Amino acid sequence: MENYNIDEIRSDFPILERQVWGKPLVYLDNTATSMTPRCVVDAIENVYYHHKANVHRGVHTLSQEATDMQETTRERVRQFINARSTEEIIFTRGTTEAINLVAASYGQLLENGDEIIVTTMEHHANIVPWQLLGRNKRIILRVVPINADGEIDRIAYSSLFNDRTKLVAMCHVSNVLGTVNPIKELIAEAHQNGVPVLIDGAQAVSHIKVDVQDLDADFYAFSAHKMYGPTGIGVLYGKKYLLEMMPPYQGGGEMIGTVSFNNTTWADLPFKFEAGTPDFVGIAALRQAIDYMESIGVERIAAHEHDLLQYATEQMMTIPGMRIFGTSASKCAVISFLVGNAHHYDMGMLLDKLGIAVRTGHHCAQPLMHSLGIEGTVRASFAAYNTRQEIDAFIAALRRVAAMLQ
Ligand code: PMP
């Protein structure tokens, strides 16, 4: 792609210089986690070496600096997804915790017999929290099927709404199929039925420019480690009116107004949902990750990845016995596949010996695997720093491995 300085981008990621089994590392497991550029690691080091103090607790200079860093990131995240206010940005440990927060808190507002719509392509993080709700009351999950290309069945989706439907919870982008769901339209349809929507954006934010106001999402969850950021940090965006009506998720320091043994009141948003000491070091560094991505441009990264997706898909299709799961025209750079009768695990092990890091297994989407009639796949996924040469190495290794296992 023109003006896409891949060498410069790669030089920002020291880990890409690594070798594995004596071969240059070809890292194609970006859906699981993306690598971290030097500027983000430097930001972490900077807090530890120069500004470490607990946030929102001290009048002393270091504490104020650390607090400023955390709250500057909150404003940066607000801009990044175009939320109305920083009150709508809650820091969590990741997408999983963000969804669990909504399930545990919004879930308390649900009643016996209420229904939640999810899709067949959900990650376990967007299934199990809703099932846990069913420990105390009967909550029914309605599941939207998918078609042969791995796209949501829109007619089935429309037919699932009724007056017991209290939430739609679905992914923006599937971590297995790569499908980009038409969430703006799906959210609008849910709203016509008076139902709020939670979007699992774990696989979207580093590939698609997200504007929560334009999408009109009610909740939007994502993880920093999948967007070139630190581990252990995530974000829950929630519309203020919903967050205000929801009870706290966890109790402890930071989330209170006043505490007495008879009557405790809650802090204002967003702190009501942030009990205890947050990972303020990681939060500070999340700002660098967003700055880094935006300095290249999310759309430009996506165009680069799309070129790799097409390049790899075309070559893979020439391998005898190749089956690719997820063939939507609207697709992110994720390729899940099987070859003939070769076991996905064996393929992954052998590819690793050739320096190629891919994912194998059910990808935390067992219901999707069941619907596809398989146990697992091999999955290759691409990021800003992957190259056509790496795809060539991957395809050559794949041909060798596939031939060995036939
Ligand atoms: N949802 C999707 C679609 C994902 O791909 C993932 C991570 N694989 C998650 C949720 C969970 O993210 P995390 O483990 O960072 O909480």
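No experiment lies behind these values; they were computed from the predicted model shown. Note that ligands are numbered from 1 as they come in the structure, with each ligand's atoms numbered from 1 the same way.
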(request) Run the salt-bridge test on Asp279 and Arg93 with the 4.0 Å N-O cut-off and return the result as yes or no. (result) no

(request) Output yes when Arg388 and Asp307 qualify as a salt bridge under the 4.0 Å nitrogen-oxygen rule, no when they do not. (result) yes

Show me the donor-acceptor pairs within less than 3.5 Å that the side chains of residues 345-357 make with the rest of the protein, sequence neighbours left out.
from: Asp352; atom 1: OD2; to: Trp21; atom 2: NE1; distance (Å): 2.8

(request) Work out which heavy atom in Asp114 is nearest to a heavy atom in Lys166; give both atom names and the distance. (result)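 Smallest interatomic distance, heavy atoms only, reads OD1-NZ, 3.0 Å.
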
(message) Taking side-chain contact (heavy atoms from CB on, under 4.5 Å) as the definition, give me every residue that meets it alongside Glu294, ordered by chain and number, with sequence neighbours left out.
(response) Arg76, Phe80, Lys209, Ile290

N/O donor-acceptor pairs under 3.5 Å from side chains in residues 123-141, not counting sequence neighbours:
from: His123; atom 1: ND1; to: Ala125; atom 2: N; distance (Å): 2.9
from: His124; atom 1: NE2; to: Cys364; atom 2: O; distance (Å): 3.4
from: His124; atom 1: NE2; to: Ala365; atom 2: N; distance (Å): 3.3
from: His124; atom 1: NE2; to: Gln366; atom 2: N; distance (Å): 2.8
from: Asn126; atom 1: OD1; to: Trp130; atom 2: NE1; distance (Å): 2.9
from: Asn126; atom 1: ND2; to: Glu122; atom 2: OE1; distance (Å): 2.9
from: Asn126; atom 1: ND2; to: Ala169; atom 2: O; distance (Å): 3.4
from: Trp130; atom 1: NE1; to: Asn126; atom 2: O; distance (Å): 3.2
from: Arg135; atom 1: NE; to: Leu132; atom 2: O; distance (Å): 3.4
from: Lys137; atom 1: NZ; to: Gly107; atom 2: O; distance (Å): 3.2
from: Lys137; atom 1: NZ; to: Leu110; atom 2: O; distance (Å): 2.8

Pairwise, report which nitrogen or oxygen atoms of ligand 1 are under 3.5 angstrom from protein nitrogen or oxygen atoms, and how far apart they are.
from: ligand 1; atom 1: 1 (N); to: Asp200; atom 2: OD1; distance (Å): 3.2
from: ligand 1; atom 1: 1 (N); to: Asp200; atom 2: OD2; distance (Å): 2.5
from: ligand 1; atom 1: 5 (O); to: Gln203; atom 2: NE2; distance (Å): 2.7
from: ligand 1; atom 1: 8 (N); to: His123; atom 2: NE2; distance (Å): 3.3
from: ligand 1; atom 1: 8 (N); to: Lys226; atom 2: NZ; distance (Å): 2.8
from: ligand 1; atom 1: 15 (O); to: Ser223; atom 2: OG; distance (Å): 2.7
from: ligand 1; atom 1: 15 (O); to: His225; atom 2: NE2; distance (Å): 2.7
from: ligand 1; atom 1: 16 (O); to: Thr95; atom 2: N; distance (Å): 3.3
from: ligand 1; atom 1: 16 (O); to: Thr96; atom 2: N; distance (Å): 2.8
from: ligand 1; atom 1: 16 (O); to: Thr96; atom 2: OG1; distance (Å): 2.6

